Amino acid sequence: MPRGMSDAPESSDPAALVDGLLRLLDVADEGDDHFAGARKPGGVGRVFGGQVIGQALASAERTVPEDRPVHSLHAYFLRGGNEDFGIDFEVMRDLDGGSFANRRVVASQQGQDGTPRPILTMVASFHKREPGVEHAEAMPQVPAPESLRSEAELRAEYADKVPERLRNQMLTPRPIELRPVESRHWMGGPPREPLSHTWMRAVAPLPDDPKLHRAVLAYASDMTLLGTATLPHEISWSKGNMMGASLDHAIWFHDDFRADEWMLYVCDSPWAGRARGFNRGRIFTREGKLIANVAQEGLIRPLARKAEG
């Protein structure tokens, strides 16, 4: 198989979708702390930011001892990735201390002219487990996931209400199941508070390796987040009247979890302005344990609505 490619199947079968996600996040060791990330099979257009973060984290974790799980990462998106190509990851070992390790990662991709260009930089910190004082914010009270419809069902129902050019993307099966508590922006309705609650999990069981669960969570953490800043406003990708892109992304991992069990993603946006929106996310297990915090600023540039036809 060509370097940077994946032969993961395109399918709506949950096991096949998860197998494809695991292949996507299983970076290949190229030696000298360089790793190759596969491209999404059948992908067209811009690389999903969560994919690049998940692959960058997987690359960094390959260079750190097993007893030091990642506790935080901070990434900047420099350029949009192209799904026609794989991604190269270079890891730099900045620190291997008594309790902490630190890694820098540069993700690069071949441009249309064949010249490699950085598309993401990331710093990740790893901490050996040790005891300490404890407190945590409580999980909001929301309906159970079994009482909610999946986003896949909702997308199928509302697909004819979005521009035709967006329908294929909207209906593509995903390896992460989402069950939103509130209506999505593409379902219509008036502007509302920039707050959303979404249950999420992998659509099929994952292996037991905790590193895989962290990589899958990193992948999923880029879902639903950016759109939170648009909720009080009459703009969205489905209306064709905005340009949106993630600018940076940070995750703090607090505790153990399984990404194939229900997790509640609580997103809010305390500020938007100057064509940017700031978004925060908290992730809880179904039992109410706070397992991660997320923060992201994104571009939300209003545009004149595109005419159909």
Side-chain angles (χ1 to χ4, degrees), residues 2 4-6 8 10 17 20-21 23-25 27 36-59 75-89 105-122 151 155 159 162-176 178 184-186 215-216 218-230 235-251 275-277 279 294 296-306:
M5 293 285 287
S6 169
E10 285 225 280
L17 287 168
L21 177 60
R23 288 170 179 262
L24 196 63
L25 297 175
V27 294
R39 73 174 184 88
K40 178 183 173 183
V44 177
R46 193 184 186 98
V47 175
F48 174 52
Q51 173 189 326
V52 190
I53 293 171
Q55 290 176 329
L57 175 59
S59 300
Y76 280 93
F77 296 99
L78 307 179
R79 296 176 175 86
N82 187 330
E83 289 192 321
D84 289 341
F85 306 106
I87 305 173
D88 295 314
F89 296 89
V105 184
V106 177
S108 299
Q109 194 178 53
Q110 174 182 332
Q112 293 294 345
D113 63 356
T115 304
R117 292 186 175 89
I119 63 171
L120 174 136
T121 59
M122 187 184 84
E151 186 170 282
R155 284 174 177 261
V162 304
E164 187 174 353
R165 67 182 182 278
L166 300 174
R167 288 176 194 164
N168 184 60
Q169 175 187 349
M170 189 172 183
L171 295 174
T172 299
R174 300 180 177 189
I176 305 297
L178 304 175
R184 295 301 201 205
H185 57 84
W186 37 262
V216 170
Y219 176 93
S221 70
D222 198 30
M223 296 178 171
T224 81
L225 191 59
L226 179 59
T228 311
T230 71
I235 60 172
S236 78
W237 64 267
S238 63
K239 295 179 180 178
N241 63 355
M242 66 163 282
M243 176 186 294
S246 304
L247 298 175
D248 57 14
H249 196 91
I251 309 174
R276 302 191 310 275
N279 306 279
V294 183
Q296 183 185 92
E297 190 174 50
L299 177 71
I300 50 170
R301 179 181 293 153
L303 301 173
R305 184 168 181 167
K306 295 180 180 178

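All residue numbers in this chain count up from 1 along the given sequence. Quick caveat: nothing in here was measured; it's all calculated off a predicted structure.
- Using a 4.5 Å cut-off on side-chain heavy atoms (C-beta onward), Arg174 and Leu17 make no contact.
- Closest approach of Leu24 to Ala38, counting heavy atoms only: CD1-O, 3.5 Å.
- Counting heavy atoms from C-beta outward, Met243 and Leu299 have side chains that approach closer than 4.5 Å.
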Report task. Would you please test Leu303 and Ile235 for side-chain contact (heavy atoms from CB on, under 4.5 Å) and show each step? Result -> CA-CA 9 Å; Leu303 301 173; Ile235 60 172; over 6 Å; no
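- A donor-acceptor pair under 3.5 Å is absent between the side-chain atoms of Asp248 and the main chain of Gln296, judged by distance alone.
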Query raised in the report: Can you list the steps and then say if Arg276 with Ile300 is a side-chain contact (heavy atoms from CB on, under 4.5 Å)?
Result: CA-CA 5 Å; Arg276 302 191 310 275; Ile300 50 170; 5.6 Å; no
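- Residue Ile87 holds its CD1 atom at 12.5 Å from NZ of Lys40, rounded to the nearest 0.5 Å.
- Of all the heavy atoms in Phe48 and Tyr219, the pair that sits closest is CE2-O, 3.4 Å.
- Summarising the geometry, atom CG belonging to Asn279 is positioned 8.5 Å from atom OG belonging to Ser246; distances are rounded to the nearest 0.5 Å.
- Gly277 and Ala229 make their closest contact through CA-CB, 3.9 Å (heavy atoms, listed as atom of the first residue, atom of the second, distance).
- Asp88 places no side-chain N or O within donor-acceptor distance of the main-chain N or O of Ala36, the cut-off being under 3.5 Å.
- With hydrogens and angles disregarded, a donor-acceptor distance shorter than 3.5 Å links the side chain of Thr228 to the backbone of Thr224.
- Distance check: Phe89 CZ to Met122 CE gives 8.5 Å after rounding to the nearest 0.5 Å.
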Report task. I would like to know whether Glu83 and Arg46 meet salt bridge (charged side-chain N to carboxylate O under 4.0 Å, His left out); could you show each step before the answer? Result -> CA-CA 6 Å; Glu83 289 192 321; Arg46 193 184 186 98; over 6 Å; no
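- Summarising the geometry, atom CG belonging to Leu226 is positioned 11.0 Å from atom NE2 belonging to His249; distances are rounded to the nearest 0.5 Å.
- Under the 3.5 Å distance criterion, the side-chain polar atoms of Gln110 are left unmatched by any main-chain donor or acceptor of Arg117.
- Within the 4.5 Å cutoff, the side chain of Glu151 has heavy atoms near those of the Arg184 side chain.
- Note: Ile119 CD1 to Arg79 CZ = 9.5 Å, rounded to the nearest 0.5 Å.
- The only member of Leu247, Thr121, Leu120 that meets side chain to side chain contact (heavy atoms under 4.5 Å, CB included) when paired with Tyr76 is Thr121.
- Residues Ala218 and Ile53 share a closest heavy-atom pair of CB-CG2, 4.0 Å.
- Between Asp222 and Gly50, the shortest heavy-atom contact is OD2-N, 3.2 Å.
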Requested in this report: Let me see the working for Leu57 and Val105 under side-chain contact (heavy atoms from CB on, under 4.5 Å), right down to the final yes or no.
Outcome: CA-CA 8 Å; Leu57 175 59; Val105 184; over 6 Å; no
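- Under the 3.5 Å distance criterion, the side-chain polar atoms of Gln109 are matched with a main-chain donor or acceptor of Phe85.
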